[in-house]
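Report on one structure; see the data block that follows.
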Protein chains: 2
Amino acid sequence: MKKKSVINDTPVCQIRMQAISDTMSILSGKWKLHILGTLIEGSKLGFMDLQREINGIGSKMLSKELQDLELNLLVSRTVMDTKPITVEYAITEYGATLSPLINELTTWGIEYRQSVHGSK
Amino acid sequence: MKKKSVINDTPVCQIRMQAISDTMSILSGKWKLHILGTLIEGSKLGFMDLQREINGIGSKMLSKELQDLELNLLVSRTVMDTKPITVEYAITEYGATLSPLINELTTWGIEYRQSVHGSK
DNA sequence: GAAAGTGGTTTCCCCTAGGAAACTACCTTG
DNA sequence: CAAGGTAGTTTCCTAGGGGAAACCACTTTC
């Protein structure tokens, strides 16, 4: 008789696992959280502004990640009717719901640094 | 005159960005959060137990991810002196500090599902 | 002594995430 | 008309993440 899954073999856990995968998939990649974090801090930034704010990102990646985030309604893209045409990227209301998550991520990371540093 | 970073060019933001990178790097990969989540739910599981609980993971990945997590002191590995030698994996006290983060991840993912489903 | 269970390691192979750099296109300023 | 700013796209390349399957070692059970 084969053993089977015990803990995760309940609808509740399946849903929770699914949810984790969903969230991670939406936030996947090296840059999405940095972009979101930056847009949460300083609302309304142009493409070049973002590239300047986020150290190390190339235009290809920035462009691609912004498209992903826009598709998921986390970021809005507005083309402005200015003389040299500019684009305004901003966090959406929905994107802002990620704030608590990003804060958890941040505080845990800071405490991790301290614990590693402190134990040496 | 070149423009420079405005928002992220403060020590506080540098540290926050760093922290996000740290956390994401520790939790990177397809399986780590599933492993941690499973171990938080059902403390003390054997290798095969874990593989049964986590749908789709192969032994290579499970082994590698567990080593990573052990290195970061999030998971403990104890070889038991039983007749067929068994190994007990468990969440450490430190690993348990990830609970709030994992919960945020989960609830956000669940609400995401609902919002996508509800808007159609 | 073959099967099945413990806990993994090793090999092979594929795909994609991501970087560098060049290029497009349009507008303004010197 | 060149330089520099806007906002990207395209191409080329490679390190690595991750899957499938075989393999190892050791023990108990049938």
Side-chain angles (χ1 to χ4, degrees), chain A residues 1-6 17 20-21 24-36 38-39 42 44-72 75-90, chain B residues 1-6 17 20-21 24-36 38-39 42 44-72 75-90:
Chain A
M1 170 192 161
K2 286 189 181 176
K3 292 183 184 175
K4 289 185 64 182
S5 170
V6 190
M17 289 296 183
I20 292 178
S21 296
M24 289 306 282
S25 141
I26 289 167
L27 302 180
S28 70
K30 197 174 170 181
W31 300 109
K32 291 209 185 70
L33 282 167
H34 291 295
I35 296 174
L36 290 168
T38 304
L39 285 176
K44 302 209 174 181
L45 292 170
F47 188 86
M48 298 309 271
D49 294 331
L50 274 170
Q51 200 170 2
R52 273 186 290 266
E53 293 294 339
I54 300 169
N55 205 308
I57 197 172
S59 49
K60 187 189 82 170
M61 280 288 109
L62 181 53
S63 171
K64 197 207 117 203
E65 300 294 57
L66 282 171
Q67 282 171 26
D68 285 1
L69 294 172
E70 208 194 334
L71 271 178
N72 283 317
V75 161
S76 67
R77 190 190 114 113
T78 317
V79 178
M80 304 305 284
D81 198 9
T82 48
K83 306 106 183 218
I85 154 179
T86 52
V87 179
E88 274 183 5
Y89 290 97
Chain B
M1 171 190 160
K2 285 188 181 177
K3 292 183 186 178
K4 289 185 64 181
S5 170
V6 189
M17 289 295 185
I20 291 178
S21 295
M24 289 305 281
S25 141
I26 287 166
L27 302 180
S28 70
K30 197 173 168 181
W31 301 109
K32 292 210 185 68
L33 282 167
H34 291 295
I35 296 174
L36 290 168
T38 304
L39 285 175
K44 302 209 174 181
L45 293 169
F47 187 87
M48 299 308 272
D49 293 331
L50 274 170
Q51 200 169 1
R52 273 186 290 266
E53 294 291 340
I54 300 169
N55 206 309
I57 196 172
S59 49
K60 187 187 83 168
M61 279 288 109
L62 180 54
S63 171
K64 197 208 117 203
E65 299 293 59
L66 282 170
Q67 281 172 26
D68 285 0
L69 294 172
E70 208 195 333
L71 272 179
N72 283 318
V75 160
S76 68
R77 189 190 115 112
T78 317
V79 178
M80 304 305 285
D81 198 7
T82 48
K83 305 102 183 223
I85 155 179
T86 51
V87 178
E88 276 183 5
Y89 289 97

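Each chain gets a letter, A, B and so on, in the order its sequence line appears, and its residues count up from 1.
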For DNA chain D, what residues of residues 53-68 of chain B have any heavy atom nearer than 4.0 Å?
B/Lys60, B/Met61
Measure CD1/B/Ile35 against C1'/D/dG18 and give the value in whole Å, please.
13 Å
What nucleotide among C/dG19, C/dG7, D/dG19 has an atom nearest to a side-chain atom of A/Trp31?
C/dG19
Compare every heavy atom of B/Met17 with every heavy atom of A/Thr38, then report the nearest pair and how far apart it is.
OG1-CE, 3.3 Å
Over how many whole Å does the gap from B/Met80 atom CE to D/dT27 atom P extend?
18 Å
At what distance, to the nearest 0.5 angstrom, does NZ of B/Lys44 lie from OG1 of B/Thr78?
7.0 Å
Nearest heavy atom decides the nucleotide; on that basis, is A/Ile85 or B/Met48 closer to the 5' end of DNA chain C?
B/Met48
Evaluate side chain to side chain contact (heavy atoms under 4.5 Å, CB included) for A/His34 paired with B/Ser21, printing each intermediate quantity in order.
CA-CA 9 Å; A/His34 291 295; B/Ser21 295; 3.1 Å; yes
Mind checking side-chain contact (heavy atoms from CB on, under 4.5 Å) for A/Lys30 and listing every partner two or more places apart, or none if nothing turns up?
none
With respect to the phosphate group of D/dT6, does any side-chain polar atom (N or O) of A/Arg52 fall under 4.0 Å of OP1 or OP2?
yes
Straight-line distance of A/Glu53 CD to A/Asn55 CG, nearest 0.5 Å
10.0 Å
Below 3.5 Å, can you tabulate the donor-acceptor pairs from side chains in residues 56-72 of chain A to any protein atom, sequence neighbours excluded?
unit_1	atom_1	unit_2	atom_2	d
A/Glu65	OE1	A/Lys32	NZ	3.4
A/Asn72	OD1	B/Tyr112	OH	3.2

Round to the nearest Å and state the distance from A/Gln51 atom CD to D/dT9 atom P.
13 Å
Starting from C1' on C/dA17, measure out to NE2 on A/His34 and report it in whole angstrom.
15 Å
A/Tyr89 OH - D/dT6 P separation (whole Å)
13 Å
